[in-house]
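Notes follow once the structure below has been shown.
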Amino acid sequence: MTPALSIQHLELSFGDLDVLKGVSFNVTPGEVLCVIGPSGSGKSTLLRCIAFLETGFRGTIQVEGEALGQFEKNGKQVPVRGAALRKVQGKIGMVFQNFNLWPHMSALENVMAPLTIVKGMSKSEAKKLAMENLHKVGVAEKADTYPPRLSGGQQQRVGIARALAMQPRVMLFDEATSSLDPELVNEVLGVMRKLAEEGMTMIVVTHEMDFAKKVADRVIFMDGGVIAEQGPPKQVLETPREARTRAFLSLID
Ligand code: ADP
Ligand code: MG
């Protein structure tokens with residue numbers, strides 16, 4: 001079976017700082033992968049490369065067998081533009097810790113914008129699809145509300161609807177609940193769990209170990225820009241093989 005996502009030898013440095021030092025893994029269609037690890041280990045950078053929000057990395061990223069981006073002579077990925085960029089943006093959906101909604105647009109307009117701008121849909125088509133997705137995450141009644149008037153949980157659900165409306169092949173979540181007040185975390189995790197149950201292919205960077213235990217098919221522990229350990233959630237989270245995984249887990253429990 002062709003992997004939904006295949007990452008081979010991914011390396012990225014910022015100046016002298018090597019942030020990703022050769023990360024390789026495949027994600028099968030419908031798989032839910034949780035990525036855990038200490039702050040600064042490269043988790044966000046990994047997701048940002050997959051979404052092509054970072055460029056200039058080495059290695060390959062393929063979605064359903066197709067490489068994203070182009071190579072320069074020195075082997076680095078170069079920014080894709082125009083139609084090629086839109087194709088990447090259409091395949092990967094990303095949800096951010098701080099929601100990244102446009103404050104001057106209503107919830108509905110936030111979801112519609114990429115559909116009209118990136119996908120070139122008509123306004124009426126985009127509105128229909130946007131409303132369907134706002135409904136799916138349970139915030140349809142807030143369609144005309146502006147983000148500053150929404151709770152954090154509602155804002156994040158709009159962020160998820162915006163990514164989903166693009167009908168991506170893979171969804172990336174970067175600490176999607178870390179900015180939320182504790183009582184709002186579950187409404188967002190619930191939406192993510194529903195997506196997982198519906199068969200969405202997902203990579204979830206999270207500190208919610210309970211979510212990882214219950215929902216993930218596989219857990220990756222990153223440390224210092226490499227995958228230090230990976231396996232089924234029960235094994236990695238309950239009987240980790242690596243000392244550094246144990247050290248990390250003892251700090252967050
Ligand atoms: P994590 O998400 O695991 O906390 P990040 O991927 O955000 O880690 O960051 C990994 C390392 O890369 C950190 O040392 C961070 O300071 C550094 N870093 C991230 N983005 C940049 C950037 N744009 N420029 C320079 N350094 C960066
Ligand atoms: Mg991060």
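Indexing begins at 1, ligand by ligand and atom by atom, following the structure's order.
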Should [X] and [Y] count as an ion pair when the cut-off is N to O under 4.0 Å?
X	Y	answer
Lys136	Glu132	no
Lys21	Glu11	no
Glu229	Arg244	no
Arg246	Glu242	no

For this session: Check step by step if side-chain hydrogen bond (donor to acceptor under 3.5 Å, both in side chains) holds for Thr60 and Gln8.
Result: CA-CA 5 Å; Thr60 55; Gln8 300 303 327; over 6 Å; no
Which residue and heavy atom of the protein sit nearest [atom], plus the separation:
atom	value
atom 12 (O) of ligand 1	Val19 CG2, 3.1 Å
atom 7 (O) of ligand 1	Ser44 CB, 3.6 Å
atom 9 (O) of ligand 1	Thr45 OG1, 3.8 Å
atom 20 (N) of ligand 1	Phe14 CE1, 3.3 Å
atom 3 (O) of ligand 1	Lys43 NZ, 2.8 Å
atom 17 (C) of ligand 1	Leu17 CD2, 3.8 Å

Problem set entry | Phe52 and Phe57 aromatic centres sub-6.0 Å |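 They qualify: ring centres under 6.0 Å apart.
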Exercise. Are any of the protein's heavy atoms under 4.0 angstrom from atom 15 (C) of ligand 1, yes or no?
Worked result: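 Within 4.0 Å: no protein heavy atom nearby.
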Exercise. Any protein heavy atom sitting closer than 4.0 Å to atom 23 (N) of ligand 1?
Worked result: yes
Problem set entry | Of Asn98, Leu150, Asn110, Thr145, the residue whose pairing with Gln155 passes side chain to side chain contact (heavy atoms under 4.5 Å, CB included) | Leu150
Exercise. What residue among Leu33, Thr245, Val236 forms side chain to side chain contact (heavy atoms under 4.5 Å, CB included) with Val219?
Worked result: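 Single pass found, and it is Val236.
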For this session: Heavy-atom contacts with Pro38 under 4.0 Å: which atoms of ligand 1 show up? List them by number with element.
Result: 3 (O)
For this session: May I ask you to list the atoms of ligand 1 that are less than 4.0 angstrom from any heavy atom of Ser39?
Result: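 With Ser39 as reference, the close atoms of ligand 1 come out as 4 (O).
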For this session: Going by heavy-atom distance to atom 13 (C) of ligand 1, choose the closest among Gly40, Cys49, Gly15, Gly37.
Result: Gly40
Quick one: side chains of residues 159-169, donor-acceptor pairs under 3.5 Å with protein atoms, not counting sequence neighbours, listed by atom name and distance.
{"residue": "Arg162", "atom": "NH1", "partner": "Asn100", "partner atom": "O", "Å": "3.1"}
{"residue": "Arg162", "atom": "NH2", "partner": "Phe99", "partner atom": "O", "Å": "3.2"}
{"residue": "Arg162", "atom": "NH2", "partner": "Asn100", "partner atom": "O", "Å": "2.9"}
{"residue": "Arg169", "atom": "NE", "partner": "Glu64", "partner atom": "OE1", "Å": "3.3"}
{"residue": "Arg169", "atom": "NE", "partner": "Glu64", "partner atom": "OE2", "Å": "2.7"}
{"residue": "Arg169", "atom": "NH2", "partner": "Glu64", "partner atom": "OE2", "Å": "2.9"}

Problem set entry | Nearby protein N/O/S atoms (those under 2.8 Å) for the Mg ion (ligand 2), with water ignored |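 Per the 2.8 Å query on the Mg ion (ligand 2), atoms found are Ser44 OG.
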Answer yes or no: is there a side-chain heavy-atom contact under 4.5 Å between [X] and [Y]?
X	Y	result
Leu10	Ser24	no
Ile36	Phe248	yes
Arg157	Val188	yes

Exercise. Any N/O of Gly42 closer than 3.5 Å to an N/O of ligand 1?
Worked result: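 By distance alone, the answer is yes.
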For this session: Flag Glu54 as yes when one of its N or O atoms lies below 3.5 Å from any N or O atom of ligand 1, and as no otherwise.
Result: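 No, no N or O pair falls under 3.5 Å.
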Problem set entry | Part of Val205 with heavy atoms under 4.0 Å of ligand 1, whether side chain, backbone, both or neither | neither
Problem set entry | Residue pair Thr55 / Leu12: nearest heavy atoms and the distance that separates them | O-CD1, 3.9 Å
